[in-house]
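What follows is a set of notes on a single structure, which appears directly below.
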2 protein chains.
Amino acid sequence: MKDLPPLACCSPLAREPLDDQRSAELSRVFKALGDPVRLRILSIVAAHENGEACVCDLTAAFTLSQPTISHHLKVLKEVGLLTSERRASWVYYRLVPQTLIDLSGLLAAPEQVNR
Amino acid sequence: MKDLPPLACCSPLAREPLDDQRSAELSRVFKALGDPVRLRILSIVAAHENGEACVCDLTAAFTLSQPTISHHLKVLKEVGLLTSERRASWVYYRLVPQTLIDLSGLLAAPEQVNR
DNA sequence: CATTGATATCGATTGATCTCGATAAGGACG
DNA sequence: CGTCCTTATCGAGATCAATCGATATCAATG
């Protein structure tokens, strides 16, 4: 039995070679993910009741100051990973699923991700 | 007809709430992706003949200095996104598909990524 | 409308990162 | 073995990012 030919293309990254502008856009989103605090914030928001968490939930989960959490939330919002909604005194954050799906699809094709 | 209940969980991020250590590991990989030059390097390597490219292919694709490209390659290699192999005078880099697949699977479940 | 509680913004500081030129190290080749 | 070519490492300069305390904004409430 012969070996299968190597895949011509192992990642969607290769199908659309990134030009300068696209790589700049994408890198902003990955850079936002490139901080442990921000990753945990996303994880907490995603796992929280109703898929949303207020700032107070988040400050409670870290030993960081409230302005620092607020800063990280702003970064995540600016790149389209989170949205926010004010309800009374509280601001609730939730994931933007499509952004995560887009990134996921860029890194690997769905058929590669079998679990 | 009633609304469907909201998904309990829209991203694998939520299934395994990230602890301190895991978020630190993961953020290192995302941080490596968080630079436009490095994203383009990955893209060029992936799209290159046989899925590999030597450093000279990469320096030719940028206006950056050779030490700068070498630095970015080191960063990508340290987090497991690239491997390298020396053949004669040249060093060839290629993607590590599993790392991309793992990240992809963390951001979105395969069934979310329909294309 | 003054007060209180929740969140955002500002300015400063400290530490990390990108980039480069200079140089070292690894290999081919005459 | 000296030279040349390719790649990696080093050290420095400049820019960027994380964090904090102080303070502003916004909404509820008495």
Side-chain angles (χ1 to χ4, degrees), chain A residues 18 20 23-45 48-50 52-79 81-94, chain B residues 18 20 23-42 44-45 48-50 52-94:
Chain A
L18 302 175
D20 250 341
S23 59
E25 293 166 6
L26 282 170
S27 67
R28 288 181 59 242
V29 187
F30 283 121
K31 187 177 289 184
L33 294 171
D35 180 283
V37 174
R38 289 195 288 265
L39 273 187
R40 285 193 59 208
I41 287 177
L42 288 182
S43 162
I44 292 170
V45 168
H48 210 262
E49 194 180 6
N50 296 322
E52 65 180 14
C54 72
V55 181
C56 58
D57 295 323
L58 295 165
T59 51
F62 295 89
T63 54
L64 298 168
S65 71
Q66 177 269 322
T68 297
I69 300 297
S70 197
H71 161 70
H72 286 305
L73 289 168
K74 186 180 182 180
V75 171
L76 290 168
K77 193 174 162 182
E78 280 173 347
V79 300
L81 283 165
L82 289 180
T83 51
S84 68
E85 180 194 356
R86 173 152 230 151
R87 295 207 295 276
S89 286
W90 294 270
V91 177
Y92 293 88
Y93 284 83
R94 42 175 70 244
Chain B
L18 303 174
D20 250 341
S23 59
E25 293 166 8
L26 282 170
S27 67
R28 288 181 60 242
V29 187
F30 283 122
K31 187 179 290 184
L33 293 171
D35 180 282
V37 174
R38 289 196 286 267
L39 273 187
R40 284 193 59 207
I41 287 177
L42 288 182
I44 291 170
V45 168
H48 211 263
E49 193 180 7
N50 297 321
E52 65 180 14
C54 72
V55 181
C56 57
D57 294 325
L58 296 164
T59 51
F62 295 89
T63 54
L64 297 168
S65 72
Q66 178 269 320
T68 297
I69 300 297
S70 197
H71 161 70
H72 286 306
L73 288 169
K74 185 180 183 179
V75 171
L76 290 167
K77 194 174 160 182
E78 281 174 347
V79 300
L81 284 165
L82 289 180
T83 52
S84 67
E85 181 193 355
R86 171 151 232 152
R87 294 205 296 276
S89 286
W90 292 268
V91 177
Y92 293 87
Y93 283 83
R94 46 174 68 244

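Within every chain, numbering begins at 1; the chains are lettered A, B, ... in the order of the sequence lines, protein sequences first and strands thereafter. Since we're looking at a predicted model, the values are computed, not measured.
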**Report entry** Heavy-atom contact window of chain A on DNA chain C, given 5' to 3' at under 4.0 Å
**Finding:** C:dA6 to C:dT9
Report summary line: Side-chain contact check for B:Lys74: nearest option of D:dT19, D:dT9, D:dT7 is D:dT9
Query raised in the report: Listed by chain and number, what are the salt bridge (Lys or Arg N to Asp or Glu O under 4.0 Å) partners of B:Glu25, not counting sequence neighbours?
Result: B:Arg22
**Report entry** Over all atoms of both residues, closest heavy-atom pair of B:Ala61 and B:Ile44
**Finding:** CB-CD1, 3.6 Å
**Report entry** side-chain contact (heavy atoms from CB on, under 4.5 Å) assessment of A:Leu33 paired with B:Val29
**Finding:** CA-CA 9 Å; A:Leu33 294 171; B:Val29 187; over 6 Å; no
Query raised in the report: Going by number, which of residues 31-42 of chain A have a non-hydrogen atom under 4.0 Å from DNA chain C?
Result: none
Report summary line: Contacts of A:Ser89 meeting side-chain contact (heavy atoms from CB on, under 4.5 Å) (sequence neighbours excluded), chain-then-number -> none
Requested in this report: Could I get the full list of side-chain contact (heavy atoms from CB on, under 4.5 Å) partners for A:Lys77, not counting sequence neighbours?
Outcome: A:Ser84, A:Tyr93
**Report entry** Residue pair B:Val45, B:Glu52: steps toward the side-chain contact (heavy atoms from CB on, under 4.5 Å) verdict
**Finding:** CA-CA 5 Å; B:Val45 168; B:Glu52 65 180 14; 5.6 Å; no
Requested in this report: Give one of base, sugar-phosphate or nothing for A:His71, where a contact means two heavy atoms less than 4.0 Å apart.
Outcome: base
Report summary line: dist A:Ser43:OG -> B:Leu18:CG (nearest 0.5 Å) comes out at 4.0 Å
Query - Where at least one partner belongs to residues 26-39 of chain A, residue pairs that pass side chain to side chain donor-acceptor pair (under 3.5 Å), sequence neighbours excluded - result: A:Arg38-A:His72
Query raised in the report: Whole-Å distance between D:dT6 P and B:Leu73 CG?
Result: 16 Å
Query raised in the report: Can you list the residues that meet the side-chain hydrogen bond (donor to acceptor under 3.5 Å, both in side chains) rule with A:Thr68, with sequence neighbours excluded?
Result: A:Ser65
Give me, pair by pair, the N or O atoms of the protein and of nucleotides 25-30 of chain D that are less than 3.5 Å apart, along with how far apart they are.
none

Report task. Looking only at non-hydrogen atoms, find the nearest pair between A:Ile41 and A:Leu76 and report the distance. Result -> CG2-CD1, 3.9 Å
**Report entry** Any residue meeting side-chain hydrogen bond (donor to acceptor under 3.5 Å, both in side chains) with A:Glu85, in chain and number order, not counting sequence neighbours
**Finding:** A:Arg87
Query raised in the report: Is any side-chain nitrogen or oxygen of B:Tyr92 closer than 4.0 Å to OP1 or OP2 of D:dT6?
Result: no
Query raised in the report: Which part of the nucleic acid, if any, lies within reach of A:Phe62 when heavy atoms closer than 4.0 Å are counted: base, sugar-phosphate only, or nothing?
Result: nothing
**Report entry** All side-chain contact (heavy atoms from CB on, under 4.5 Å) counterparts of A:Gln66, not counting sequence neighbours
**Finding:** A:Thr59, A:Ser70
Query raised in the report: For residues 63-70 of chain B, which residues have at least one heavy atom under 4.0 Å from DNA chain C?
Result: B:Leu64, B:Ser65, B:Pro67, B:Thr68
Query raised in the report: Considering residues at least two apart in sequence or located in another chain, which fulfil the side-chain hydrogen bond (donor to acceptor under 3.5 Å, both in side chains) criterion with A:Asp20?
Result: B:Arg40
